[in-house]
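Taking it in order: structure first as structure tokens, then the write-up.
Here the structure is a predicted model, which means the values were calculated and not measured.
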Amino acid sequence: MTIDQHLATIDLLRAREFPARRGASDVGFGGPGFHIAPLAVSAGLGTGDGAERERWAEDLDAWKEAIAQRLDDRWGEGLRWWSLTVGVRKARGEEIPEPWATLGDLADELYLWRPDGSGRWVALGVAERDGADEIRLLAAVTDRDPP
């Protein structure tokens with residue numbers, strides 16, 4: 001896929017209504033107030049060796065940076081959101097709304113934009129925390145403010 005195709009997926013998510021129930025969609029999954037889509041996924045890593053995982057993580061991070069630059073050009077510089085505090089708050093029993101709870105479990109940091117007049121946030125990050133899972137470049141769209 002190309003950067004333009006990834007941007008088209010993000011635009012598609014921004015234009016779609018949110019689903020009434022949590023579940024899979026043709027581009028990922030979503031629920032009330034959010035969509036999450038994997039833009040790119042590593043191939044067959046599972047519990048693969050560390051060097052291969054690192055290479056995939058670096059490649060997908062480079063894709064994230066390239067897409068982020070294009071979104072910065074559209075909407076202004078994105079914010080950085082670090083998920084560490086979400087884990088701490090969840091451990092204390094605080095309920096974190098979706099998609100932030102899921103994104104906080106998957107990615108250490110996200111870029112965030114709130115395009116003017118849309119009322120929606122766009123998030124972009126690399127999910128690489130689970131060593132037994134594939135590494136994914138994720139895009140999310142939500143109408144919920146980050147916690």
Check your understanding: About how many Å separate CG of Leu39 and CD1 of Ile3, when rounded to the nearest 0.5 Å?
Key -> 11.0 Å
Exercise for review: Salt-bridge test for Glu58 and Arg55: reply yes if a basic N is under 4.0 Å from a carboxylate O, no otherwise.
Suggested key: no
Exercise for review: Check whether any side-chain heavy atom of Val27 lies under 4.5 Å from a side-chain heavy atom of Leu13, and answer yes or no.
Suggested key: yes
**Study point:** Separation between OG1 of Thr142 and CG of Leu112, rounded to the nearest 0.5 Å
**Key:** 10.5 Å
Point to revise | Any donor-acceptor N/O pair, Trp75 side chain to Arg114 backbone, under 3.5 Å | key: no
Revision key, fill the gap. Separation between OH (Tyr111) and CD1 (Ile67), nearest 0.5 Å, reads 11.5 Å
Check your understanding: Looking only at heavy atoms, what is the nearest atom pair of Pro146 and Trp81, with distance?
Key -> CB-NE1, 3.8 Å
**Study point:** Side-chain touch Arg120/Ser118, heavy atoms, less than 4.5 angstrom
**Key:** yes
Review point. Within the side chain of Arg92, is there an N or O that forms a donor-acceptor pair under 3.5 Å with the backbone of Gly87?
Key: no
Review point. Under a 4.0 Å N-O cut-off, is there an ion pair linking Arg16 with Asp11?
Key: no
Review point. Looking at Asp105 and Arg129, does any basic side-chain N land under 4.0 Å from a carboxylate oxygen?
Key: no
Review point. For the residue pair Pro19 and Gly30, what are the closest heavy atoms and their distance?
Key: CG-C, 3.7 Å
Point to revise | Pair Asp61 + Lys64: basic N to acidic O under 4.0 Å | key: yes
Revision key, fill the gap. Taking every heavy atom of Trp63 against every heavy atom of Met1, the minimum-distance pair comes out as CH2-O, 3.2 Å
**Study point:** Rounded distance [0.5 Å steps], CZ in Arg14 versus CG in Leu7
**Key:** 11.0 Å
Point to revise | Side chain Thr9, main chain Gln5, donor-acceptor under 3.5 Å | key: yes
**Study point:** Nearest-0.5 Å distance that lies between atom CD in Glu77 and atom CZ in Arg80
**Key:** 9.0 Å
Check your understanding: Do Trp113 and Ile10 come close enough that some side-chain heavy atom pair is under 4.5 Å?
Key -> no
Review point. Heavy-atom distance under 4.5 Å between the side chains of Trp100 and Phe34, does that happen here?
Key: no
Check your understanding: Salt bridge between Arg22 and Glu98, side-chain N to carboxylate O under 4.0 Å?
Key -> yes
Practice item. Give a yes or no answer on whether the side chain of Ser83 reaches the backbone of Asp108 with a donor-acceptor pair at less than 3.5 Å. Key: yes
Review point. Measuring from Leu110:CG to Leu138:CG, what's the distance to the nearest 0.5 Å?
Key: 8.5 Å
Point to revise | Non-hydrogen side-chain atoms of Leu124 and Leu137 separated by less than 4.5 Å | key: yes
Review point. What orientation do Phe18 and His35 show, parallel under 30°, tilted 30 to 60°, or perpendicular over 60°?
Key: tilted
